[in-house]
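Everything on this sheet refers to the single structure shown next.
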Amino acid sequence: VKADTDIASDPGKFWFALDNAAKIYPAVITENVTNVFRVTAILKQPIKIKQLLKAVLRAEKRFPYLCVQLREGFFWYYLEHLPRHIPIEPDEHHLCRKFRKGSLLIRIPVSHNSISIECSHILTDGTGALELLKAVLVFYADECGVAVPTEYRSGHSAVISEEEYEDAYNRYFKAEIPPMVKRSKAFHLPFPLKSSPRFERLNAVISLEQIKKISREKGVSITVYLVAVYLYILQEIFEELNGAGKFKRNKKLRIQVPINLRNIFSSKTMRNFTLFVMPEIDLRLGHYTFEEILKSVYHQTKLETEEKLINKNISRNVGSEKKLYVRGIPLFLKSLILRLKYYSLGTSQYSGVITNLGKIELPEETAGLIGYFIMTPPPPNKMLKINCGVAGFGEKLTLSFGNITQSQEFEKKFLQFLNDQNISADTITIK
Amino acid sequence: MIQCPNCRVEVEENANFCSLCGEPLFSAAAENNAFTKSGRLRREEKILTDYQKLSGFQKRKIFWKISAFILISGIIVTMLIDFITHQNITWSKYPVTVSLILMINFTLNTFLHRKIFLVMALSFLSMMIFFILLDMYVINSGWKIHLGIPLILIAYVAIYFLIYFIRNAKQKGLNIIAYSLLALGLLSLTAEGLISVYSTGDLHFGWSLIVLATILFIAGLLLYIHYRLKKATDLKRFFHI
């Protein structure tokens, strides 16, 4: 279903259906699993609040279709225009908290020298939120009197194309492609959970140069390198378990790596357009050395990001939503089924998530104001326990580990491993 | 530029409050603050008369005092006249009883305004007492007890549900009229049923069925207009499949 009205001509009537990836989220959101993620820019100077307020207003005008609220229909949820400003609030609440009913699905927490966008995954993915943040930063630079390229300056008068709020999965959906086979269950970390509110993060800044050099020596990308480290640490934690713990746990280690489909299929969409590759190692085959993991992850990601295979995945996901008997189930029943499927088909299949926003580019003068970016992943659920967001900017790469357990063993081991590979990491606390 | 001590963002130098976190920035604000406050107070005083400043409860209480004064003086006057002319209490017991029942109901409405169920229950009780008293004053067939009290009871139940629905309606408009009509229809149906049982001994419906059918049709139409036609575009959103 496409949005049937133009946002510019009549915002009051503007609405659209949830995109294919977002459909599952409303059914599984709780106080703890909020599906809210955060992209942060740390500036070199304290924020000038008046200029920021103006910049956000300009960004709102440029992306009006992001000002929507979630509504319940009879068969599906949908997003409906809500004539409100994006709330800019002091960053003193709990991280990535749930959005209330009848509110926008974005907020902008600000403190000292950091500007963040907290955004519900129902609305968009990391790339979409990053585009908004970049627009805010460029407008902010402009308001502060920093030179800004003209194509950005005229931002809000530019025509808003319908492509920006399309469901891009639907566009690239091809019928009659065979479905995927189900994967086996994967290993999950054994740490005990914290009590609610339980989501905390650990940020670490590492040198982009150093990690780039090392991964280039191995002939892989930074993402592949980090995935390999992730798997290696998981293996270490598994091997340290005692006999019974080892016996009862699944022995497949699998990492979910979101990939930005905008790089593969052309689309300007500002809504979700990601899919996952899931590199894995099977510990029943014995101990893996780091080099072996690296090689395996490299080939698996190469294979899985092939266009034909991606097509297959899109078709699997979108295809089930196109079936009439699925569409005709009333929403409350659908939510029940989705919630069950989320754990059985979703989280149980992977042991960790690493989401890389990539290297963030900005106009030179705006970039001069900014120290680094942080990508905080949405709070992991009780099965996953820990996940990791990555963002590169300038000479810095930040890792942000989301954690709901009482243990920091995983992060410590991860950073220690990087240290041993001559990549020094500084952990940072914000505030 | 100055820095907010709370959230540490930079705000304009002449600002009184941080526009992010609302922290007061008292550099030049002390007397300024007093002035804005008094200005607001003055405006409020100018616009509102004494009566407007009263809360809902205070207004109801004034109404209650006035009505109590009128009713009580009425009671005393009628009783005096009756006593002087007849040397006894004869006809004056009717107006006195009516006045007392009215007093009870005004009192209930004044002091238990939000507790709708309690008001209705106690008010029904007072009406029951009223009917029994009337029956005692005039010894006759007792229709007041056998027919009057059940009729009053269903009227109270109907009004109670009507108030309940109206209070809980999110959007008030044509739906209120529809609810009232429906209450009226059901009331006439039960009334005819009760009357037929009382007078002939068996249950049969005639005119009230016609009333109910017409009312159902009109109420349905009103509800449809209220909930559906007004937001015709919403249907498409709501039922998108």
Side-chain angles (χ1 to χ4, degrees), chain A residues 1-5 10 12-18 43 45-54 56 68-81 87-93 108-115 140 144 321-331 334 430-431, chain B residues 1-33 35-36 165-175 178 219-241:
Chain A
V1 184
K2 255 182 74 177
D4 67 345
T5 38
D10 190 356
K13 280 190 183 157
F14 182 78
W15 71 279
F16 46 73
L18 266 57
L43 274 65
Q45 298 290 323
I47 309 291
K48 297 186 179 78
I49 191 67
K50 192 176 159 198
Q51 282 79 350
L52 178 67
L53 295 176
K54 280 187 189 163
V56 172
V68 287
Q69 63 170 329
L70 183 70
R71 298 295 303 266
E72 259 173 66
F74 189 77
F75 298 110
W76 296 105
Y77 287 93
Y78 60 91
L79 295 170
E80 184 182 83
H81 180 73
I88 301 166
E89 53 177 45
D91 191 1
E92 57 196 14
H93 303 279
I108 303 188
V110 175
S111 111
H112 188 39
N113 61 347
S114 85
I115 305 175
Y140 175 73
C144 291
E321 153 199 329
K322 291 237 182 231
K323 290 183 185 110
L324 199 65
Y325 67 86
V326 174
R327 283 157 44 185
I329 303 172
L331 185 64
K334 220 179 256 161
I430 295 166
K431 278 181 197 182
Chain B
M1 286 283 178
I2 49 170
Q3 209 169 19
C4 165
N6 181 34
C7 61
R8 297 194 293 156
V9 298
E10 282 186 1
V11 292
E12 299 286 293
E13 231 149 88
N14 54 3
N16 290 335
F17 297 95
C18 170
S19 37
L20 179 62
C21 66
E23 179 84 1
L25 308 167
F26 290 114
S27 50
E31 61 189 276
N32 216 353
N33 208 22
F35 175 77
T36 47
F165 275 114
I166 290 173
R167 276 200 181 166
N168 286 311
K170 271 185 196 150
Q171 280 179 306
K172 293 182 176 70
L174 289 177
N175 55 343
L221 202 68
L222 289 176
L223 286 176
Y224 181 76
I225 291 169
H226 181 79
Y227 284 112
R228 283 290 166 251
L229 286 191
K230 211 164 74 180
K231 290 194 215 158
T233 48
D234 274 356
L235 281 182
K236 206 170 156 192
R237 286 178 211 185
F238 189 78
F239 283 110
H240 87 265
I241 181 166

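Bear in mind the structure is a predicted one, so any value in this text is a computation, not a measurement. Residue numbering restarts at 1 for every chain, and letters A, B, ... go by the order of the sequence lines.
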Which of B:Val11, B:Leu20, B:Val9 passes side chain to side chain contact (heavy atoms under 4.5 Å, CB included) with A:Ile47? Answer is B:Val9
From A:Gln45 atom CD to B:Glu10 atom CD, the distance as rounded to the nearest 0.5 Å: 7.5 Å
A quick test of your reading: do over 12 heavy atoms of other residues, nucleotides or ligands sit less than 6.0 Å from CZ of A:Phe75? yes
Of all residues at least two apart in sequence or in a different chain, which pass the side-chain hydrogen bond (donor to acceptor under 3.5 Å, both in side chains) check with A:Glu89? A:Arg97
Nearest atoms (heavy-atom pairs only) where A:His112 meets B:Arg8: ND1-O, 3.2 Å
Please state whether the side chain, the backbone, both or neither of A:Leu52 comes within less than 4.5 Å of a heavy atom of chain B. neither
Rounded to the nearest 0.5 Å, what separates atom CD1 in A:Ile49 from atom SG in B:Cys4? 9.5 Å
State which residues pass salt bridge (charged side-chain N to carboxylate O under 4.0 Å, His left out) with B:Glu12; sequence neighbours excluded, sorted by chain then number. A:Lys50
Kindly indicate whether the side chain of B:Asn6, heavy atoms from C-beta on, has any atom under 4.5 Å from the side chain of A:Pro90. no
